[in-house]
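Order of appearance sets the numbers: ligands from 1, and atoms from 1 within every ligand. Side chains are part of it too, since the values below use all heavy atoms of this structure and drop only hydrogens, waters and symmetry mates.
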Amino acid sequence: MCGIVGYIGPRQAAELLLEGLRRLEYRGYDSSGIAVVNGHGLKVMKAAGKLSMLEQQIGDRMPSGTLGIGHTRWATHGAPTTPNAHPHTDQSGRIAIIHNGIIENSTSIRKALEARGHTFKSETDTEVLAHLVGEFYQGDLEDAVAQALRDVDGAYGLAFISADEPGVLVAARKGSPLLVGVGENEWFVASDASPLLQHTRSVVYLDDGELVVLTRDGYRVRNLQSTRISKPVNQIDWDLAMVERNGYPHFMLKEICEQPESLCNTLRGHLLDDEGTSRVHGLNLSDDELKQVGRIVITACGTSWHSGLIGEYMLEEMARVPVEVEYASEFRYRNPVVDHRTLVIGISQSGETADTLAAIREAKRRGARTVGLVNVVGSTIAREVDGGIYLHAGPEVGVASTKAFTSQVAALALVTLRVARLRNLSILQGRQFIEALRRLPEQISEILDRTSEIEALADRFLKTTSNALYLGRGVNFPVALEGALKLKEISYIHAEGYPAAEMKHGPIALIDENMPVVFIAPRDAVHSKIVSNIEEVKARGGKVIALINAGDTEIERLADATFAIPETLDLLTPILTSIPLQLLSYYVAVARGCNVDQPRNLAKSVTVE
Ligand code: AGP
């Protein structure tokens, strides 16, 4: 997944592009570059490594020109080297491209072009596309791009400029996000809103198969068959401050600490206290349709898949609907049994994860109703599902997902409540559930007031370890998976999440005095069982850190350390138990000097397979 940004207008483009790339760097950061039409031709500057490497290379030699494109890369084809960095140019060197996505038939196109004398400087599929456009180019960039795109398979969010057309920027999307920023007599294209916010809040979301031509007089949208398309101009309600760190050392800590507010935002307008139910009109499913749902499939990736597992416990326990949770990357290639009676819920913070998008498309092809639980407004998944609930958690910039996770669980609770109250949940039970939901933000704040205790646990037990185990039962088993993923992805410690009872079937062989074991052990229906599991680990010398409810002297006596969390309904405990685990992984990563917001090898949204 990469970040792209383009500009055409009266101002100098280069600095605007670099500023835009700074805001996009979280999308991919292994190389970057800009290209500017400077009156004599194209000035292309690019560098491997972080954006700062490009800025060093440019120094005070900022290229002049008022039309340009910029790119920050997360490698898919070709190593993260300077030759592979975008922008790429065609054979003539007068047409430049930036691209987010994968051209799946680039190998065959490259061979054909090489047979016609083309020579390539990189290993990338993107350079092949540049050469293809160059071959079609007869003085009309828009036409050449449209012709080339009709020949390519794959996913793209891209932009082209030409030294011979200093008043035109051509961009197109298919499978990767792209939007147009409509400024005051200036226009932008970008992968998302973050580079635009300081210039404009007016944006146009492009859909797959659409191409936009920006000129110095405006923009127009069309499809590849030249049919003009009118698009609404949307207003973005995220201000720049929300994107900036607001004084926190890392986006991840900012976003962890935003969870009282983000949870409120997710729940806002959805809770009907008197009726003991929720309002989820966005699902575009009537009560009768919800009642007739025979089965639910939840599909997602990574942390979003973990929230889906919690949704399974909620929906089966309260709404008595059979639920399966599927890795999207597996679901899309299986031959799943899905039909019109199946409700498929896609969960995605970014709304752009390729596997999740493909799984949803597969489900639609098979006749299922699809709904999305998505954070990014206007994202592809949000626009392709039949209905959905926006998380309204605000921009999540840290690669490790935190506030989106708890908002996803809250959104699943809203869906569960609606369906359960249509079936067998009483109004009093519904009101009790709502009351517990409403208390969560304040309870999260109580946890956030004690971060120093968690930092001390990180320092004492996990900072120097090479391995760790996270164990939970019932609805907190997915929390064990999530806690382990958080530690893995930002501190690079090997951690595994497991159902606590499963330890005796093998993994307990791993236990010794060097193995820290984090237990998620609230006073719930399986509390006595997890006490036994703690005893099993202690008997073998393991170090035990336990998340407990206050006053749990039984576990306090057994564990090497405990952290007390507020009490809530069993099914809602994951929203509270996940917070200390987010903080634990954060403090370990900081202590280990890791790049918390941009961990190695990862990107915020995986828009390629
Ligand atoms: C979460 O911390 C990870 N960064 C990753 O697993 C993420 O949850 C996954 O890639 C799914 O992303 P999405 O929610 O945007 O679809």
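- Using a 4.0 Å cut-off between heavy atoms, Glu352 makes no contact with ligand 1 at all.
- Given atom 15 (O) of ligand 1, the protein heavy atom at minimum distance is Ser350 OG, 2.7 Å.
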Could you walk me through whether Thr303 and Ser401 pass the side-chain hydrogen bond (donor to acceptor under 3.5 Å, both in side chains) check?
CA-CA 7 Å; Thr303 285; Ser401 187; 5.2 Å; no
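- Heavy atoms of Ser605 come nearer than 4.0 angstrom to ligand 1 in no pair at all.
- Protein heavy atom at the shortest distance from atom 13 (P) of ligand 1 is Thr353 OG1, 3.3 Å.
- Aromatic pair His306/Phe405: centroids not less than 6.0 angstrom apart.
- Applying the 4.0 Å criterion to heavy atoms of Ser401 picks out, from ligand 1, the atoms 1 (C), 2 (O).
- The distance from ligand 1 to the heavy atoms of Ser304 drops below 4.0 Å at these ligand atoms: 8 (O), 13 (P), 14 (O).
- Aromatic ring pairs are classed by plane angle as parallel below 30°, tilted from 30° to 60° and perpendicular above 60°; the pair His99 and Tyr156 is tilted.
- A salt bridge is defined here as a Lys NZ or Arg NE, NH1 or NH2 lying under 4.0 Å from an Asp or Glu carboxylate O, and Glu330 with Arg334 fails to meet this definition.
- Residues Asn100 and Ser191 bring no donor and acceptor atom of their side chains to less than 3.5 Å of each other.
- The distance from ligand 1 to the heavy atoms of Ala400 drops below 4.0 Å at these ligand atoms: 2 (O).
- Distances from atom 4 (N) of ligand 1 to the heavy atoms of Val606, Val399, Thr607, Thr356 show the closest one on Val399.
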